[in-house]
Amino acid sequence: MAYYYEEPSRTFGEYLLVPGYSGTQHTPANVSLKTPLVKFRKGEESPISMNTPLISAIMQSVSDDKLAIALAKEGGVSFIFGSQTIESQAAMVRNVKSYKAGFVVSDSNIRADQTLADILALKAATGHSTVAVTDDGTAHGKLVGIVSSKDYRVSRMSPDDKVSGFMTPREKLVTVPEGTSLKEANNIIWDNKLNSLPVVDKDDHLLSFVFRKDYEQHKGNKNELLDSQKRYVVGAGINTRDYEERIPALIEAGADVLCIDSSEGYTEWQAIVLKYVREKYGDSVKIGAGNVVDRDGFRFLAEAGADFVKIGIGGGSICITRETKGIGRGQATAVIEVAKARDEYYEETGIYVPICSDGGIVYDYHVTLALAMGCDFCMLGRYFARFDESPTNKVMVNGNYMKEYWGEGSARARNWQRYDMGGAKKLSFVEGVDCYVPYAGSLHDGVELTTSKIRSTMCNCGALNIKELQEKARITLVSSVSIVEGGAHDVVVKDNVNHQ
């Protein structure tokens, strides 16, 4: 007969951390969030560690080169989505590895023969007020001018007014040539009281911008994650079908770490991919695998050679695998069991295989709970999809700004490789939805807020690093009534009062 688990599987929302003793040294400024990304032997350090325990999901609507750069600046790693051509994914990896901090490729571009209406639409889509005017309307066309918010007044102009009539023309712009250092560019910005400074090549084609508002940030981010050549660290997702062509291309492009992107990792398909990597590259190529939800799944992938193991089936906000297939497990229970298996494996072999909690994160404190329960870092999709840097459109829905967000198993993405079980090369039925998430501004501000909460909670638990949190954490189940008690209750919240 079937095996029945005695206990129900539980989610993060069913647990709370109980405070422990904290001393005067337990202040957020003293907390380290450094965590290993890939496996290492006892007494050694992980070849790749992160300064922030967050990675972005392998999704079309989340992880492209722009978000990868933004997350690396904050100390995390983005895994660029693999449900695209090998060439385009490799190009995104190269963009991250060749990025020079402070030099921003323009994503708001227009032609001089377009109109004020086009400028306003572009601003609504990107949120950026500085628009490059180029001969062909692309990011690297010949620079014709710039439009900023000071160049027009909507109330006094017609939507049909041509950009050429109100832009700041090329002859009035201060520019710098290719090869100018960031320090030199910032000095020119301050000396000329500029908000933006275009960088052009010898033929006057636009290469990038340096912005005044980025000055403080580019003075140095202590958390940024760099490789040995001072380039940003970036990951990439792969599948179990075209891996023999995709992996070499991604490695050649400079990817630091790979991850098999699959809804279910306890399968021979993943063992075949891991064997290929180990035979062709040895331990020089770092590759994670998953997803699994129990001890057996973890042991299988660890023994197959995975550098880290992802946990979670059906817990993502856009995932409907549990609804469509009736398969999965509560995320908290899965993390707890796999963490125990990871520790057992470490004691037996002396090899520490980091584990990643993927899905089930609703509130920031769920990240702290996942870390306390034993995971080394969390993979987030919905969380990162909300920010400016995600690749989706910002749209107005019922008077509120939203960002588009869709699952890899949705009809929109149709990433059949992620759900591949060796059959026909198609998505037989959807396992994800297409939706909106509330717009949340810049990734930097969002991650800073989240990590501030994590550090504060760790101090409450008397821990100054993640390992210490896992050793000292005291975790309690909570009842449905106490969950209600934990929020605002028996009051009228001012923001909810209708002031008509």
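Counting only distance, with no hydrogens or angles, the side chain of Tyr405 and the backbone of Arg382 share a donor-acceptor pair below 3.5 Å. The closest donor-acceptor contact from the side chain of Ser148 to the backbone of Thr130 lies at 3.5 Å or more, if one exists at all. Formation of a donor-acceptor pair under 3.5 Å by the Asp65 side chain with backbone atoms of Val96 is not found in this model. Judged by distance alone, with hydrogens and angles left aside, the side-chain atoms of Glu389 form a donor-acceptor pair with the main-chain N or O of Leu443 at under 3.5 Å. Listed for the Lys403 side chain is a donor-acceptor partner under 3.5 Å among the backbone atoms of Thr392.
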Exercise for the section: Mind running side chain to side chain contact (heavy atoms under 4.5 Å, CB included) on Val144 and Val133 for me, showing each step along the way? Expected result: CA-CA 5 Å; Val144 176; Val133 186; 4.1 Å; yes
Handout entry: Test log, rule side chain to side chain contact (heavy atoms under 4.5 Å, CB included), inputs Phe79 and Ile55
Key = CA-CA 7 Å; Phe79 283 79; Ile55 64 176; 3.8 Å; yes
Problem - From CA spacing to verdict: ring pair (Phe, Tyr, Trp, His ring centres under 6.0 Å), Tyr99, Phe103 - result: CA-CA 8 Å; Tyr99 179 84; Phe103 294 87; 8.5 Å; no
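Salt bridge annotation for Lys97-Asp256: present, with a cationic side-chain nitrogen under 4.0 angstrom from a carboxylate oxygen. Salt-bridge check for Glu87 with Arg94: failed, with every basic side-chain N at 4.0 Å or more from each acidic carboxylate O. A salt bridge does not link Lys39 with Asp376: every distance from a Lys NZ or Arg NE/NH1/NH2 to an Asp or Glu carboxylate oxygen is 4.0 Å or more. Salt bridge status for Asp113 with Arg111: present, with a side-chain N to carboxylate O gap under 4.0 Å.
If you check the side chains of Ser83 and Gln60, you find a donor sitting under 3.5 Å from an acceptor. Side-chain atoms of Ser181 and Glu184 include a donor-acceptor pair closer than 3.5 Å.
Sequence neighbours left out, not one pair with a member in residues 140-161 passes salt bridge (Lys or Arg N to Asp or Glu O under 4.0 Å).
Enclosure of atom NZ in Lys394 by more than 12 non-hydrogen atoms of other residues, nucleotides or ligands within 6.0 angstrom is indicated.
Taking 4.5 Å as the limit, every side-chain heavy atom of His366 sits out of range of all side-chain heavy atoms of Gln331.
Ring planes of Tyr363 and Tyr365: parallel class, angle under 30° (limits at 30 and 60°). In this pair, Tyr276 and Tyr243 present their aromatic rings perpendicular. The plane angle is above 60°, beyond the 30 to 60° band.
Asp364 pairs by the side-chain hydrogen bond (donor to acceptor under 3.5 Å, both in side chains) definition with Thr450, Lys453, not counting sequence neighbours.
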